[in-house]
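Below: the structure, in structure tokens.
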Amino acid sequence: MLKDFRTVWVNCLRVIKANIGEQSFRTWFEPIVPVQLHNNVLIIQVPSQFFYEWLEEHYVDVLKKSIFQELGPDGRLEYSIVVDQGNAQSQPRTLNLPTSRKAAQPAPSAGPAAALAAGPMSSSARHVAGAAAAPAAAPPTLRNPFEASKVVDRNYVNSQLNTTYTFENYIEGDCNRLARSAGLAVANKPGTTSFNPLMVYGGVGLGKTHLVQAIGNHIKATTPDKFVLYVSAEKFTNQFIESVRINSVQDFANFYLLVDILILDDVQFMSGKDKTQEMFFHIFNHLHQAGKQIVMTSDRPPRDLNGLEDRLLSRFKWGLTADLQSPDFETRMAIIQNKMQQDGIDIPPQVVEYLAHSVNTNVRELEGVLISLVAQSSLNRREIDLEMAKQALRHIIEEVEAEVNLDFIQKTVAEYFSLPVELLKAKTRKKEVVTARQVAMYFAKEHTTHSLKSIGHHFGGRDHSTVIHSVQTVSDLIDSDKSFRSSVQELRKKFAGK
Ligand SMILES: Nc1ncnc2c1ncn2[C@@H]1O[C@H](COP(=O)(O)OP(=O)(O)OP(=O)(O)O)[C@@H](O)[C@H]1O
């Protein structure tokens with residue numbers, strides 16, 4: 001018996017409805033219009049490119065299942081995407097490429113899209129301008145599948161939450177305590193804490209992405225009906241530019257307005273991109289007003305985000321800004337141990353300690369060293385030992401030593417103030433020693449990647465609040481005391497050449 005495309009779709013919807021939440025069903029399946037059934041290929045029309053990507057990302061399994069049940073193992077699904085032409089005309093538009101079924105099959109070499117299309121059903125993006133008005137009998141005009149593949153590759157594959165980034169494996173330390181606990185609060189009560197937006201900033205490889213993705217994963221796990229979207233600012237920008245190009249800015253905005261939790265990574269990327277910022281500003285306002293949660297990361301504090309509009313920056317201040325510092329020694333130890341446990345790696349304690357001591361730049365580098373050690377050990381069929389670790393780290397340690405290090409700073413500052421270097425680490429509170437110590441701490445903060453805690457530790461076991469106080473005192477004196485300022489400038493020259 002010949003099947004009618006509407007009946008097939010209604011039956012598919014039944015399967016889908018039984019497998020997903022009601023809210024998701026309403027948002028993502030009710031707007032779909034079945035268009036045609038031809039040669040066991042069901043064509044459905046979706047409102048936008050983003051919509052299509054979302055379906056492919058989140059519902060491909062249930063779609064496959066429903067098509068399989070309705071059309072059997074040879075059944076396939078194709079999408080037609082309404083392209084907003086910016087006018088009321090909805091004539092079918094001939095887009096530049098083959099229209100034959102064969103040409104429209106995703107090619108085996110089509111990369112991630114081909115992988116998605118594997119199995120009983122192959123789904124591929126098809127743009128059909130004004131498809132709703134296209135006569136049902138006429139075959140829709142299909143877009144080059146390779147082109148569609150590129151869209152999938154760029155816009156879809158890179159945008160998922162990485163489920164390995166969780167709070168459980170995000171090690172807590174002084175370096176990230178505030179950001180982590182604010183993140184946890186947001187994850188437990190998105191949109192309802194005063195941390196909205198939550199802005200996390202910090203240097204390269206310090207765990208910004210891990211933390212904000214942990215927030216997303218936590219929300220998805222606890223409230224699967226919430227629409228969590230993680231997107232890099234770069235991708236957001238590219239999507240926006242593309243939407244301008246194909247005249248579908250409204251689709252773009254509509255898509256983002258559906259989001260419950262928007263996680264935007266690396267906002268600094270939007271610097272100088274006024275139109276993108278304007279769009280983000282509107283999305284931000286709308287989501288915020290609707291009580292939706294916004295989480296952002298940046299590689300620098302908001303005050304240093306030159307090229308970002310003031311009205312946007314002022315929005316960032318509505319919530320909480322929390323920074324990530326370089327992890328101190330103990331946190332680095334804990335991160336390595338956690339990683340070892342996670343990956344089932346066994347490394348002797350003295351090697352772990354050596355790594356934690358030596359790699360004090362960022363966590364990504366620490367992980368990189370660990371991976372290279374494991375690789376060497378398995379290649380050479382040799383247990384990891386201190387010798388191997390030293391060999392592996394030779395180049396990194398040389399780099400670290402070439403930098404201005406704490407010893408050099410202490411020696412230079414002590415010499416400048418004509419004091420023995422030991423006094424900087426001693427208990428004495430004599431005024432001239434205190435000043436020299438404060439200046440040395442100030443430069444340690446400025447020129448090394450040591451955490452505040454680690455700096456304090458190298459100055460006779462002082463705590464991190466003493467370091468903060470010292471840095472502040474020196475900054476204040478630079479502003480208020482001319483001769484002090486020139487001393488600091490003279491000293492700075494000694495470090496600049498290094
Ligand atoms: N506190 C932590 N506990 C466990 N792993 C961490 C921690 N901080 C960072 N990492 C790990 O370090 C690596 C780099 O982190 P991530 O990519 O989140 O850094 P980032 O700050 O976003 O970097 P970039 O500036 O390059 O975007 C990741 O593998 C992450 O899991």
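Both ligands and their constituent atoms are indexed starting at 1 by order of listing.
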| Quick one: do the T473 and D476 side chains pair a donor with an acceptor below 3.5 Å? | no
| query | Any chance the side chains of N217 and T163 put a donor and an acceptor closer than 3.5 Å? | reply | no
I'd like to check whether [X] has a polar contact with ligand 1, where a contact means an N/O of the residue lying under 3.5 Å from an N/O of the ligand.
X	answer
L206	yes
I171	yes
G205	yes
D266	no

| message | Show the atoms of ligand 1 that are less than 4.0 angstrom away from any heavy atom in N176. | response | 1 (N)
| V204: numbered ligand 1 atoms lying under 4.0 Å from its heavy atoms | 25 (O), 26 (O)
| message | So is D299 touching ligand 1 or not, going by heavy atoms under 4.0 Å? | response | no
| query | Does G203 have a heavy atom less than 4.0 Å from any atom of ligand 1? | reply | yes
| Candidate pair F236 and F240, rule ring-ring contact (aromatic ring centres under 6.0 Å, His included), full reasoning | CA-CA 6 Å; F236 180 90; F240 175 65; 7.2 Å; no
| Electrostatic pair E242-R245, nearest N-O below 4.0 angstrom | yes
| field | Pair D407 + K411, salt bridge at N-O below 4.0 Å | value | no
| field | Parallel, tilted or perpendicular: ring planes of H458 versus H450, cut at 30 and 60 degrees | value | perpendicular
| task | Look at the aromatic rings of Y59 and F29 and report parallel, tilted or perpendicular, splitting at 30° and 60°. | result | perpendicular
Please list the nearest protein heavy atom to [atom] with its residue and the distance rounded to 0.1 Å.
atom	result
atom 22 (O) of ligand 1	T209 OG1, 2.7 Å
atom 7 (C) of ligand 1	Y170 CE1, 3.8 Å
atom 30 (C) of ligand 1	H210 ND1, 3.4 Å
atom 20 (P) of ligand 1	K208 N, 3.5 Å
atom 12 (O) of ligand 1	V363 CG1, 3.2 Å
atom 4 (C) of ligand 1	N169 O, 3.2 Å

| request: Would you mind finding which of A214, G207, S298 brings a heavy atom closest to atom 15 (O) of ligand 1? | output: G207
| message | Can you check which of E367, R364, Q213 brings a heavy atom nearest to atom 28 (C) of ligand 1? | response | E367
| field | Residue among R437, M441, K425 satisfying side chain to side chain contact (heavy atoms under 4.5 Å, CB included) with Q410 | value | K425
| task | Test H218 against N188 for side-chain hydrogen bond (donor to acceptor under 3.5 Å, both in side chains), laying out the working first. | result | CA-CA 8 Å; H218 186 91; N188 283 321; 2.9 Å; yes
| said: Quick check with a 6.0 Å cut-off and a 45 degree axis cone: is R311 positioned over the face of F281's six-membered ring? | reply: yes
